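Report on one structure; see the data block that follows.
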Amino acid sequence: MTRLPAPTRLDPVRTRWEPAMRLALAEAALAPATGDVPVGALVLAPDGAIIGRGHNEREAVGDPTAHAEILAIREAAKVVGEWRLSGCTLVVTLEPCTMCAGAIVLSRLDRVVYGALEPKTGAAGSLWDVIRDRRLNHRPEVVSEVLAADCTTQLHAFFDGHRE
């Protein structure tokens with residue numbers, strides 16, 4: 001009797017965020033046109049609507065704080081009409097740095113979903129875990145490595161092109 005291979009189990013935690021991550025990857029693809037690292041971010045309202053988006057613009061605008069996450073959070077706050085983004089989710093293609101992790105906590109986002117790990121500067125579990133630090137008054141849920149291979153490939157392609 002021949003056995004069929006076991007069906008591949010979908011990861012219910014990560015799979016549900018893949019469509020949003022694909023949109024964040026499309027946003028990230030806009031960054032290299034200005035020499036910026038391809039990182040894209042979206043803020044989703046509790047109903048799933050996109051209320052903020054951003055891609056890295058540090059080179060484009062000469063602002064060290066112009067990270068994708070910060071720009072998306074700023075736009076979402078304008079849409080909501082206040083700084084508290086309770087109930088909202090940030091989807092970003094790269095693990096947030098310490099600056100962005102601080103902004104995530106301070107904006108009261110409910111959740112952060114990210115793609116590629118960032119072992120050199122990551123502040124959502126890789127190097128530090130600012131987002132879930134028990135000493136802080138707000139600790140968003142963190143969902144890591146959603147479409148991590150796609151996010152990593154996009155970043156490697158950018159850096160490989162810069163090295164040539």
Side-chain angles (χ1 to χ4, degrees), residues 3-31 37-56 67-77 79-80 82-159:
R3 292 187 153 237
L4 295 174
T8 304
R9 289 189 149 198
L10 294 178
D11 180 342
V13 173
R14 289 175 180 81
T15 303
R16 74 177 281 219
W17 299 108
E18 288 180 3
M21 187 60 76
R22 290 189 198 293
L23 294 173
L25 281 161
E27 184 70 27
L30 301 173
V37 176
V39 178
L42 307 172
V43 176
L44 306 176
D47 67 359
I50 298 170
I51 58 171
R53 62 176 70 226
H55 57 273
N56 276 358
H67 288 205
E69 301 95 309
I70 300 295
L71 299 174
I73 289 169
R74 286 178 184 161
E75 185 175 300
V79 169
V80 171
E82 68 167 314
W83 62 269
R84 289 178 195 86
L85 297 176
S86 300
C88 297
T89 298
L90 175 76
V91 178
V92 60
T93 59
L94 181 64
E95 181 179 357
C97 68
T98 53
M99 175 184 68
C100 294
I104 289 161
V105 170
L106 293 173
S107 65
R108 305 297 192 267
L109 284 158
D110 276 12
R111 180 179 306 101
V112 178
V113 176
Y114 71 87
L117 296 171
E118 176 46 282
K120 293 180 181 177
T121 62
S126 287
L127 185 58
W128 297 288
D129 201 349
V130 172
I131 294 174
R132 293 176 288 201
D133 191 313
R134 293 175 157 231
R135 296 168 292 185
L136 300 176
N137 66 338
H138 182 72
R139 290 178 298 281
E141 173 188 2
V142 175
V143 179
S144 63
E145 300 183 77
V146 174
L147 296 180
D150 294 346
C151 296
T152 300
T153 297
Q154 186 180 50
L155 288 161
H156 284 178
F158 173 80
F159 287 113

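In this text the structure is predicted, and so the values were computed from the model without any measurement. The figures that follow rest on heavy atoms only: side chains count, while hydrogens, waters and symmetry mates do not.
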Identify all side-chain donor-acceptor contacts of residues 112-120 below 3.5 Å with residues at least two apart in sequence or on another chain.
from : atom 1 : to   : atom 2 : distance (Å)
E118 : OE1    : K120 : N      : 3.0

Side-chain donor/acceptor of [X] to backbone N/O of [Y], under 3.5 Å:
| X | Y | result |
| --- | --- | --- |
| N56 | V37 | yes |
| D110 | S86 | no |
| E69 | V92 | no |
| H138 | L109 | yes |

Not counting sequence neighbours, list each pair that qualifies as a salt bridge (Lys or Arg N to Asp or Glu O under 4.0 Å) and has a residue in residues 83-109.
->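 Those involving residues 83-109 are E82-R84.
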
Which residue pairs satisfy the salt bridge (Lys or Arg N to Asp or Glu O under 4.0 Å) criterion with at least one member in residues 41-50, sequence neighbours excluded?
->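 Qualifying pairs: none.
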
Straight-line distance of [X] [atom1] to [Y] [atom2], nearest 0.5 Å:
| X | Y | atom1 | atom2 | result |
| --- | --- | --- | --- | --- |
| L85 | I51 | CG | CD1 | 6.0 Å |
| L127 | T98 | CG | OG1 | 9.0 Å |
| L106 | I73 | CG | CD1 | 9.5 Å |
| L23 | L42 | CG | CG | 6.0 Å |
| W17 | L44 | CH2 | CG | 6.0 Å |
| I70 | C97 | CD1 | SG | 7.0 Å |

Taking every non-hydrogen atom, the tightest pair across [X] and [Y]:
| X | Y | value |
| --- | --- | --- |
| A68 | G54 | CB-O, 3.6 Å |
| A101 | P96 | N-CB, 4.2 Å |
| P38 | A31 | CA-CB, 3.9 Å |
| G102 | V130 | N-CG1, 4.4 Å |

Results of side-chain hydrogen bond (donor to acceptor under 3.5 Å, both in side chains) for H67 - residues two or more places apart only |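 Partners of H67 by the side-chain hydrogen bond (donor to acceptor under 3.5 Å, both in side chains) criterion come out as none, since no residue qualifies.
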
Quick one: list whatever passes side-chain hydrogen bond (donor to acceptor under 3.5 Å, both in side chains) with D129, sequence neighbours left out.
->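 Here the qualifying residues are R132.
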
Are E75 and V43 close enough, and set up right, to give a side chain to side chain contact (heavy atoms under 4.5 Å, CB included), and what steps lead you there?
-> CA-CA 9 Å; E75 185 175 300; V43 176; over 6 Å; no

Which pairs would a plain distance check flag for residues 139-150, meaning a side-chain donor or acceptor within less than 3.5 Å of a matching protein atom at least two apart in sequence or in another chain?
from : atom 1 : to   : atom 2 : distance (Å)
R139 : NH1    : R134 : O      : 3.3
R139 : NH1    : L136 : O      : 2.7
E141 : OE1    : R111 : NE     : 2.9

